[in-house]
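A, B, ... follow the sequence lines: proteins, then strands. Residue 1 opens every chain. Worth saying up front: this structure is predicted, and the values here are computed from it rather than measured.
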Number of protein chains: 2
Amino acid sequence: MGCHDVAVSVPTSARLLALLSLLQQRREWSGPELADRLEVGPRTIRRDVDKLRGLGYPIEAAPGVAGGYRLGAGADLPPLLLDDAEAVAVAVGLRTAASGSIGGIEETSVRALAKLEQLLPDRLRRRVQALGDTTSAFQIDGPRIDADLLATLASACRDHERLRFGYGAKDGTQSSRETEPHAVVHSGWRWYLVAWDLDREDWRTFRVDRIAGRPVAGGRARAREIPGGDPAAFVQRSIRQGDEVTPVPGRIRVRARAEAVAARVPASRATVAPDGDDGDDACIVTTTGGWSRPFLVWMALLDLELEVLGPPELAAEARTIATRLGAAI
Amino acid sequence: MGCHDVAVSVPTSARLLALLSLLQQRREWSGPELADRLEVGPRTIRRDVDKLRGLGYPIEAAPGVAGGYRLGAGADLPPLLLDDAEAVAVAVGLRTAASGSIGGIEETSVRALAKLEQLLPDRLRRRVQALGDTTSAFQIDGPRIDADLLATLASACRDHERLRFGYGAKDGTQSSRETEPHAVVHSGWRWYLVAWDLDREDWRTFRVDRIAGRPVAGGRARAREIPGGDPAAFVQRSIRQGDEVTPVPGRIRVRARAEAVAARVPASRATVAPDGDDGDDACIVTTTGGWSRPFLVWMALLDLELEVLGPPELAAEARTIATRLGAAI
DNA sequence: TCGACTGCGGTCAGCTCCTGACCGCATGGG
DNA sequence: CCCATGCGGTCAGGAGCTGACCGCAGTCGA
């Protein structure tokens, strides 16, 4: 389990790390037990515990026959020592979190994922990939996105690395872009890459779902300042002024109190407001981004009386699904 | 960002940890840069890098003016040094992974979550909680489960701690159980706790979704051997012989090739097989656990011609949803 | 109540190791 | 070509670590 037994080379540092690892694996350890494991005297263990405490890790200790050491929750998170399976679980969890099934932490998840993927041994990366593949069918909403791609982009931003990738513009034309990535931004239902386009010599925002194939890294990026300083604001501006079609939100009226409905609708995807006329037992649900078929289905799952207010396409979609299900019996 | 500057107390160990942290934060660092950050001479940095290499961390270095150090992927995962936001993202990701939206790694996720939650500073735990709450509405399938509760149970198993909790049996009677938890098992769509029941003096399996309130920890558990050794097998036996109602799987016929459908249905939730009569352009999808309303909805989302084969309740459900959507227009 | 086991911390001698300083070398980019 | 970088050797002083011993104070079980 990654214990190495390198105690030969850097005795005390290696031992401190090993000690931390042991303390994370099990909650309670007695001094002699630890001394035995680490092949040092009990006195040294006591001193090591003191050192870890000095480093900020809160190690509690209890005297008595049932006593021992335990690592508690402190002011800072200690270095996490994960075994293989746990690391895979973390990576997979971050991928789903990044794909937006959570709301509010997508960008952080991508950052953490980028960090993790860089350190992940190959054998584990393959396992993550395999699990991710069987899972991708779960992507329920919004454009399908690729967590690996996001992690790659985020790494490039963090490490100031140039990227070259194929990009399909909205009119369908493919082009190859040489860029210096600066930020990955999540708009609530779409991912964007803010980068300096070396050929066009200007800032551009790229829709991540339109990037084709694997980006190729190449060379260092120069330090540049995004106009306005805030990547998110930059994306906002460029898609507002831009040629982006603003997605049409879907609106559905539900016969139930707003609070009851809000509790069952993910806040990141839709907002719930009491119906003006009949606020006590009806409310209106509006999607955050554009409407989508899955949104409709979520609403149907509520098992409450619905009324599609718009747009007409949403109503048409409702009819289609209703017909499908009706015909299935 | 958790830098501490405790370089006073345990110089080299603290510095090694800090160095590892820096190398995880950014991909590329030059020697003088690191020396400056850690307030030591460049020579010491070189030596520290060597030490880390000796500990098994693959640090690559490039000479030349564009050179520097970078931490690569090695045989083992180095201790992960996460900042606050990243730690929260990891915790949230693990919670969703544990709630079964992934398939195949639920139990590992719970283990990792237990480890993480024990180390998580309070302020971060609160943030995780908050995010988890707004998210819980997303639980789409199976009984609603509480990731916190699972983590608590997993901790107790790992640490051999007794737990007392309220339990609602299937006939509705509430009782208080004093247990020594031994394993948390995921059956594919339900969670079970395998524990020694101190009052009944025998092994029991508890359905986690029937545990009421927060379990209370109390005292050490004695080491005991689960009959048969394998907790999963034990759960299998006890729910098979047991009074558990085996859930009725749902079966739906889809007019499309099996491979095409399989790619869009999470393997952990349902199996896809070619239709005997008409294998080339029809297949039958069978749920792993019992059928559920969300399962039906997944199928409707495929936008393919469906036929509900059974059970009758599933057909009735389809009719209900179809009616709801039909009436919504 | 007692004893056994635990953790705590002080002290000491010996020895490991760590550090900063200096050196020359190899490498890669501008 | 020149520069900045990483590499590794050596040296001397000093800091740090280790194991051994001691007595103390909690806590649990008998």
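- The number of heavy-atom neighbours closer than 6.0 Å to CZ of B:R26, taken from other residues, nucleotides and ligands shown, is above 12.
- When side chains are defined from C-beta on, B:F165 does not count as touching B:R210, because their heavy atoms never get closer than 4.5 Å.
- For the pair B:R43 CZ and D:dC7 P, the interatomic distance rounds to 10 Å; values are reported in whole Å.
- For the pair A:E60 CD and D:dT27 P, the interatomic distance rounds to 14 Å; values are reported in whole Å.
- Nearer to the 5' terminus of DNA chain D, by closest-nucleotide assignment, is the contact made by B:W29 (compared with the other of B:R47 and B:W29).
- Between C:dC17 and B:K51, no contact under 4.0 Å exists linking OP1 or OP2 to a side-chain N or O.
- When each of A:G31 and B:P42 is assigned the nucleotide of DNA chain C bearing its nearest heavy atom, the one mapping closer to the 5' terminus is A:G31.
- Counting only heavy atoms from C-beta on, A:S30 has its side chain closest to C:dT6 among C:dT6, C:dG20, D:dG19.
- Distances from the side chain of B:D50 to the nucleotides C:dT6, D:dG8, C:dC8 place D:dG8 closest.
- Spacing between atom CD of B:E28 and atom P of D:dA4 amounts to 18 Å, rounded to whole angstrom units.
- At the heavy-atom level, A:V49 lies nowhere under 4.0 Å from the strands shown.
- B:Q25 and B:D83 share no donor-acceptor pair across their side chains, judged by distance under 3.5 Å alone.
- For the pair B:L19 CG and C:dT19 P, the computed distance is 12 Å after rounding to whole Å.
- Straight-line distance from the CG atom of A:L16 to the C1' atom of C:dC17: 15 Å, rounded to whole Å.
- The nearest whole Å value for the distance from the CZ atom in A:R15 to the C1' atom in C:dT16 is 12 Å.
- Phosphate proximity of D:dT5 to B:R70: absent, as no side-chain N or O sits under 4.0 Å from OP1 or OP2.
- Nearest-nucleotide positions on DNA chain D place A:G41 closer to the 5' end than the other of A:G41 and A:R46.
- The interatomic distance linking A:D48 (CG) with D:dG19 (C1') rounds to 13 Å, in whole Å.
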TODO: Take A:L153 and A:V208 through the test side chain to side chain contact (heavy atoms under 4.5 Å, CB included) and record every step on the way to the result.
DONE: CA-CA 9 Å; A:L153 298 179; A:V208 171; 3.8 Å; yes
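- Of the charged side-chain nitrogens involved, none lies within less than 4.0 Å of a carboxylate oxygen, so that A:D159 and B:R70 do not count as a salt-bridged pair.
- Within the structure, every side-chain polar atom (N or O) of B:T12 is placed at least 4.0 Å from both OP1 and OP2 of C:dC18.
- Between A:R53 and C:dC8 there is a side-chain polar atom (N or O) within less than 4.0 angstrom of OP1 or OP2.
- If you take CG of A:L38 and P of D:dT18, they are 11 Å apart, rounded to a whole angstrom.
- Picking from C:dT6, C:dG28, C:dT19 the nucleotide with the shortest atom distance to the side chain of A:P32 gives C:dT6.
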